[in-house]
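Here the structure is laid out as structure tokens; the discussion comes afterwards.
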Amino acid sequence: GGRFFATDALGAARQGAKAEAVSAFLQRMLRSADPSFARGRDLSVRAVLDEAAREIARGSLRGEPEAEARVRMALGDAYQDLTSLDSARVQYEAARSLFVAARGASSPEAADAALALGRLLNVAGDYPGARRRVEESLAIRRRLAPRGDDRTVEVLGELSSIRVKEGRVAEADTLQRQALALARRLHAGPHAVVAAALRQRAEQLAFSSRFDEAEPVFREALAMAPLVYEADDPGLLALRQNAAFTLNLVGRYAEAETVMRAALATQRTLYGDDPRHLGDAYARLGAILRNQGRLAEAEPLLRDALARRIAVHAPAHGDVQFSRADLASVFERTGRLAAAESLFVLAHAGRLALLGPKHPAVASSLLELSRVTAARGDQAAAERYGLAGADVFREAGIPSQAIVGVVFAGQAMLAQGRGAAADSLVRAELARQRDARPSLWIGSAYELLAETALARGRPAEADTLLR
């Protein structure tokens, strides 16, 4: 919700001269694509938008700042749908300035423009810039509606998404709990606002490896979906993609594939072959197929996703690093270790430059490098990467992933004949996580302790640990 398409602009500005100015401009914009007015030119949607942007820049709505702002919001939305992010940013920034001048810095219109700009910057990978604009929108919303409203829920959700990408997982968790609680307070029964808040909450829990908490949340959202969404609603598409993401992480690969293929069909209906949306869908489906061991099917999808994301975002974007790592894991599983390591190194460098050394995504890259260097026999490098990744995850408050780094480092130590050091490392981490729930990696840590006991000639101790 909250997008200023042409019809929204007309509805919002339906007051005398303002409505007439908006209507006249939009009619001229649409008429320019009509063959009878196009003077023989075969105009694309982009060409129509560019012509409209030039017209408004020449001052066709001068003297009507609110009308101009609404038209610029419509243009920004359309450019963003075409993944023309720089052009969209120009329109949103101009709209924000016009709304602030015409309606005031604390107006609902200024809040909406700041949110639109923040969302765009989030997609573009400028997380500090995105956070500033969304926090601006949230401050205005809280002044306008101290008890909260649907737009406040929306802004809280967007801000939580940005904080996750900045590695501030605890802050994101707090924001999402606030958003979901407010949505439930505002709507006692099924509602699209509640479903969207549930979807975002489930995705954050899955990202933090809190899978047992994530699954009931997204299943509640899925059960609500038929009551609040039409079959081709973008909200339903986002929910299905989230459900597929979560099911993939918890190991329910067949169900994840079914849900993701349904999402892909809806996406084609909504967006056709749009490179950004299709790249995201291929990345998710490719990861699901990879996790099922269907590597020959996964590889072309992941290659396609990487190429599309580079074309849309440029090589430094965060989504490009995810695609590099996903494709590298296929190379790793098929024995192409040099190619895998090369892509993992690129992903790590990109994440480090974009996010800094303390981000969980950087830690994920370190664990990937630990795994692939161990596979090619460089146990010293595997140990370094594993320890570094564990430290970052521990500092970020994600102990379920810190134990993975410790296990990787411990295995590398054992391979180097340093069983006692591996034993001490793993026992120290298990002591830190003594209240943690049982998990696959906790089990792997005990298996590693058993291996170190055997290596030191203590079979009875190993048997006890395995039990």
In this structure, CG of Asp50 is separated from CD of Glu55 (nearest 0.5 Å) by 13.0 Å

Any chance you could measure Leu346, atom CG, to Ser365, atom OG, to the nearest 0.5 Å?
10.5 Å

Does Gln321 reach the main-chain N or O of His317 with its side chain, forming a donor-acceptor pair under 3.5 Å?
yes

Is the count of non-hydrogen atoms from other residues, nucleotides or ligands lying under 6.0 Å from Phe322 atom CZ greater than 12?
no

Answer yes or no: is there a donor N or O on one side and an acceptor on the other, between the side chain of Ser161 and the main chain of Gly157, under 3.5 Å?
no

Just do the side chain to side chain donor-acceptor pair (under 3.5 Å) check on Asp86 and Tyr79 with the steps written out, would you?
CA-CA 9 Å; Asp86 289 341; Tyr79 274 126; over 6 Å; no

I'd like to know if Glu166 pairs up with Arg163 as an ion pair, taking the criterion as any Lys NZ or Arg NE/NH1/NH2 lying under 4.0 Å from an Asp or Glu carboxylate oxygen.
yes

Full working for side chain to side chain donor-acceptor pair (under 3.5 Å) between Asp173 and Gln204
CA-CA 7 Å; Asp173 188 75; Gln204 165 58 17; 4.9 Å; no

Which pair of heavy atoms, one from Val259 and one from Ala243, lies closest together, and at what distance?
CG1-CB, 4.1 Å

Would you please test Leu367 and Tyr385 for side-chain contact (heavy atoms from CB on, under 4.5 Å) and show each step?
CA-CA 6 Å; Leu367 298 195; Tyr385 287 132; over 6 Å; no

Between Arg184 and Glu220, is there a side-chain N and carboxylate O pair less than 4.0 Å apart?
yes

Let me check something: any side-chain donor-acceptor pairs from residues 303-315 under 3.5 Å, sequence neighbours excluded? List them with distances.
from: Arg303; atom 1: NE; to: Glu299; atom 2: OE2; distance (Å): 3.0
from: Arg303; atom 1: NH2; to: Glu299; atom 2: OE2; distance (Å): 3.1
from: Asp304; atom 1: OD1; to: Arg308; atom 2: NE; distance (Å): 2.3
from: Arg309; atom 1: NE; to: Asp280; atom 2: OD1; distance (Å): 3.2
from: Arg309; atom 1: NH1; to: Asp319; atom 2: O; distance (Å): 3.2
from: Arg309; atom 1: NH1; to: Ser323; atom 2: OG; distance (Å): 2.9
from: Arg309; atom 1: NH2; to: Asp280; atom 2: OD1; distance (Å): 3.0

In this structure, are over 12 heavy atoms from other groups packed under 6.0 Å from Arg54 atom CZ?
yes

Would you check if the side chain of His187 reaches a backbone N or O of Gly189 as a donor-acceptor pair within less than 3.5 Å?
no

Taking salt bridge (Lys or Arg N to Asp or Glu O under 4.0 Å) as the criterion, tell me which of Arg119, Arg133, Arg96, Arg151 meets it with Asp112.
Arg151

Nearest heavy-atom contact between Leu205 and Ala214 is CB-CB, 3.7 Å

Between the main-chain N or O of Gln80 and the side-chain N or O of Ser84, is there a donor-acceptor pair closer than 3.5 Å?
no

In plain terms, say whether Arg294 and Glu257 are close enough for a salt bridge, that is, a side-chain N and a carboxylate O under 4.0 Å apart.
yes

Just verifying a value: how many Å separate Arg131 CZ and Asp126 CG, rounded to the nearest 0.5 Å?
10.0 Å

Nearest non-hydrogen partners of Pro357 and Leu352, listed with the distance
CA-CD1, 3.6 Å

Taking side chain as C-beta onward, heavy atoms only, is Glu297 less than 4.5 Å from Leu301?
no

Apply the side-chain hydrogen bond (donor to acceptor under 3.5 Å, both in side chains) test between Ser160 and each candidate in Gln176, Gln178, Glu171, Arg168; give the one that qualifies.
Gln176

If I compare all heavy atoms of Gly148 with all of Leu186, which pair ends up nearest, and what's the gap?
O-CD2, 3.9 Å

Can you list the steps and then say if Arg261 with Leu285 is a side-chain contact (heavy atoms from CB on, under 4.5 Å)?
CA-CA 8 Å; Arg261 289 194 184 280; Leu285 182 56; 3.7 Å; yes

Candidate pair Glu255 and Thr258, rule side-chain contact (heavy atoms from CB on, under 4.5 Å), full reasoning
CA-CA 5 Å; Glu255 188 178 358; Thr258 299; 5.6 Å; no

Derivation of the side chain to side chain donor-acceptor pair (under 3.5 Å) call for Arg142 and Thr152:
CA-CA 7 Å; Arg142 282 176 164 162; Thr152 306; over 6 Å; no

Side-chain heavy atoms of Val392 within contact of Val362, under 4.5 Å
no

Is it true that, when you exclude Arg62 itself, more than 12 heavy atoms of the residues, nucleotides or ligands shown sit nearer than 6.0 Å to its CZ?
no

With side chain to side chain donor-acceptor pair (under 3.5 Å) as the test, would you mind laying out the steps for Gln267 and Gln241 before giving the verdict?
CA-CA 10 Å; Gln267 185 162 289; Gln241 289 176 327; 2.9 Å; yes

Working to the nearest 0.5 Å, report the span between OG of Ser364 and CD of Gln401.
6.5 Å

Are Leu237 and Tyr229 side-chain neighbours, meaning at least one heavy-atom pair lies under 4.5 Å?
no

Minimum heavy-atom separation for Ala363 and Gly389, please, with both atom names.
CB-O, 3.7 Å

Test applied, side-chain contact (heavy atoms from CB on, under 4.5 Å); reference residue, Arg70; option that passes from Glu66, Arg72, Met73, Glu68
Glu66

Chi angles and distances behind the side-chain contact (heavy atoms from CB on, under 4.5 Å) call for Phe393, Ile403
CA-CA 9 Å; Phe393 274 127; Ile403 190 71; over 6 Å; no

Atom OG1 of Thr246 and atom CZ of Arg199: how far apart are they, to the nearest 0.5 Å?
10.5 Å

Taking Ala111's backbone N and O only, do any of them form a donor-acceptor pair with Ser137's side chain (distance below 3.5 Å, no angle check)?
yes

Closest non-hydrogen atom pair between Ala183 and Val193, with its separation:
CB-CG1, 4.0 Å

Decide yes or no for Leu270 and Asp232: does some side-chain heavy atom of the first lie under 4.5 Å from some side-chain heavy atom of the second?
yes

Answer yes or no: are there more than 12 heavy-atom neighbours, outside Arg219 itself, under 6.0 Å from its atom CZ?
yes

Looking at Glu215 and Arg252, does any basic side-chain N land under 4.0 Å from a carboxylate oxygen?
yes

Spacing of Ile398 atom CD1 and Ser400 atom OG [to the nearest 0.5 Å]:
7.0 Å

Minimum side-chain heavy-atom gap Arg371-Phe344 below 4.5 Å
yes

Would you check if the side chain of His359 reaches a backbone N or O of Gly167 as a donor-acceptor pair within less than 3.5 Å?
yes

Test item: Val71 and Gln91 side chains (from C-beta on) under 4.5 Å apart, heavy atoms
no

For a 4.5 angstrom cut-off between non-hydrogen side-chain atoms, does Leu247 reach Phe218?
yes

Any donor-acceptor pair under 3.5 Å from His348 side chain to Leu343 backbone:
no

Does Leu278 reach the side chain of Arg268, with side-chain heavy atoms less than 4.5 Å apart?
yes

